[in-house]
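Okay, structure first, notes after.
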Amino acid sequence: MDKSSALAIEMRGISKRFSSVQALDKVDLLVKKGTIHALLGENGAGKSTLMKILYGLYSADSGQIFLSDEQVEIKNPAQAIARNIGMVHQHFMLVENFTVAENIILGSEPHAPLGVLKQAEIEERINSFTSSYGLNVEANELIKDISLASQQRVEILKALYRGAEILILDEPTAVLTPQEATALFTTLRTLKEAGKTIIIITHKLKEIKAVADYCSILRRGKYIKTVKVDEVDEAQLAELMVGREVRLSSGKKALEAGEKILELQNISVYDKHRLAKLKNLSFDLRRSEIVAIAGIDGNGQTELIEVLTGLQNPDEGSIRLLNRDITKAKPKEIHDAGLRAIHEDRHKRGLVLDFTVSENTVLEAYPEERFSSPKLGILKAGAIRDYANSLIKRFDVRPADAADKKASNLSGGNQQKVIIAREVDADPAVLIACQPSRGLDVGAIEFVHRELLAQRASGKAILLVSFELDEVLDLADRILVIYEGEIVAELRPESTDEREIGLYMSGAKRQDEEAKVV
């Protein structure tokens, strides 16, 4: 990197080991003041570990950290905050029943004598940040009542309120529409112009090109290179990250859809207050096609997946799978009928974190004779381990000796690979892939997409639920846009784009069309 500008951060020779895994091996990171610096790497490459060391969540085994040329020790987040470092985590750290203002000041409340909050001072400081950086939020609204994009702005405001000059953002656009992501980039540029230094951890190459000045690449715990973003293209970034050429498009071939094998008719789901989470929802899936559900998180996707997998029953409507009514079937009955799912929450629905990877690969298959002796009530540990090792090799789960490790010890991306491996290998007629590439790097995404297309080519029907519009447009044969529990548009990828999908996702397109009718 060009050293003509002052450095905000200098991390030298940072190493970190977790048990037998060398997460970081003498990694260097140099970040210039007043720049947007992307951190890119495969799953398990060490990028999140490196940032957690900078923020004081982990301690390095060796190495040095310098802030503005001063060597420092950061043993916990309080020390990081005191040194003007803020971090916005991928999963927001907000109290839902508190207001925006209460969340921003929480832990840093200015008090007058007798413990009274300095309300005027609080409002003045928050208003100064919102107006200066375009972080528009309503201070008196409850967190639970605002959008995810607004919650992210609150997290950024929290960091700024505490004096952050260095801001770390972990996968900042994971839950945003294209329009919201564009607005975030505008905010980040404004922060940069104000002299802030920003580090973003992301696997989205397009976003690195859109907003970053520099990008540092890690691979398997080692520092590879730092590049000036305007001097490389997406393919070069991908190759630096993975160490080989990567296809950024799936190259999906046109197939003629076959017979209808899954049909939803007028499905409605209500919460305990009789508010509709799904409203009169109808669609079908056919063999050899991928149907994508596109929408902002919280618009009924979770309820749809739970209804399809038997985790809850619909209040109205019917579901048929291979001409069998599964409307109120139990999860095991639905599995046996030929439907499997990669759930969005891998910890809650996909894995038992305290079980080994081997045990997780047979969570539903362990009663089979190849894995157990039912009469003796004994599991065949060797056969289960051999099966797990075959999946680990086929799906490139890391580390290669993961079979006997607890699932909790794997990175998020490798946990996702274990789930995908198990569900794809079950060879279902219908596969629900909910956020299948969440947390995966481009090399792993390439592999997952290839597996999904192979399932499609073999005559399976796939329901893809994804917040990643690149993924939706690349893989889908049909796109169904969901908004407030309703399918508001059916689109073809060859005749639409991210902007149109994003407008439907936010409700804007639909409202425009309703206004024309009126």
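Here the structure is a predicted model, which is why all the values come from computation and not from measurement.
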Taking only Lys NZ, Arg NE, NH1 and NH2, and the carboxylate oxygens of Asp or Glu, determine whether [X] and [Y] approach each other closer than 4.0 Å.
X    : Y    : value
R287 : E259 : yes
D284 : R478 : yes
E234 : K209 : no
E256 : R286 : no
E446 : R244 : yes
E333 : K330 : no
R394 : D425 : yes
D213 : K228 : no

Please examine the side chains of [Y] and [X], heavy atoms only from C-beta on, and report whether any two atoms are closer than 4.5 Å.
X    : Y    : value
K405 : P399 : yes
V472 : P493 : no
I501 : T496 : yes
M11  : I53  : yes
Q435 : V465 : yes
L278 : L304 : yes
L410 : R398 : no
E364 : R422 : yes

Knowing that exactly one of E471, H449, Q416 qualifies, which makes a side chain to side chain donor-acceptor pair (under 3.5 Å) with S437? E471
Quick check on side chain to side chain donor-acceptor pair (under 3.5 Å): which of Q152, K206, E207 does T173 satisfy it with? E207
Measure from the side-chain N and O atoms of [X] to the backbone N and O of [Y], and report whether any donor-acceptor pair falls under 3.5 Å.
X    : Y    : result
R456 : I462 : no
D474 : D470 : no
K279 : S268 : no
K406 : D354 : no
T327 : I319 : yes
Q22  : L24  : yes

Return the [atom1] to [atom2] distance between [X] and [Y], rounded to the nearest 0.5 Å.
X    : Y    : atom1 : atom2 : value
H37  : I199 : NE2   : CD1   : 7.0 Å
T226 : L29  : OG1   : CG    : 6.5 Å
L39  : T202 : CG    : OG1   : 10.5 Å
S466 : I290 : OG    : CD1   : 11.5 Å
K348 : H343 : NZ    : NE2   : 10.5 Å
L40  : R219 : CG    : CZ    : 10.5 Å

Partners meeting ring-ring contact (aromatic ring centres under 6.0 Å, His included) with Y366 (sequence neighbours left out): none
Does R320 form a salt bridge (Lys or Arg N to Asp or Glu O under 4.0 Å) with E263? I'd like the steps, not just the answer. CA-CA 5 Å; R320 297 191 68 81; E263 185 175 10; 5.9 Å; no
If you take all heavy atoms of [X] and [Y], which pair is closest and at what distance?
X    : Y    : result
K26  : S15  : N-OG, 2.9 Å
I420 : P436 : CD1-O, 3.3 Å
F395 : A421 : CD1-CB, 3.4 Å
Y214 : V229 : C-CG2, 3.6 Å
I392 : A403 : CD1-N, 3.5 Å
A38  : A212 : CB-CB, 3.9 Å

Pair F371 and Y387, ring centroids less than 6.0 Å apart: yes
Under a plain distance cut-off of 3.5 Å, with no hydrogens placed, do S150 and R153 share a side-chain donor-acceptor pair? yes
Mark yes or no: K16 above the aromatic ring of F18, with NZ or CZ under 6.0 Å from the six-membered ring centre and no more than 45 degrees from the axis. yes
Under the criterion side-chain hydrogen bond (donor to acceptor under 3.5 Å, both in side chains), I'd like the reasoning laid out for H347 against Q415: C-alpha separation, chi angles, the key distance, then a yes or no. CA-CA 9 Å; H347 291 172; Q415 291 174 355; 2.8 Å; yes
May I have the step-by-step check of salt bridge (Lys or Arg N to Asp or Glu O under 4.0 Å) for E359 and R385, ending in yes or no? CA-CA 8 Å; E359 291 165 341; R385 188 180 298 105; over 6 Å; no
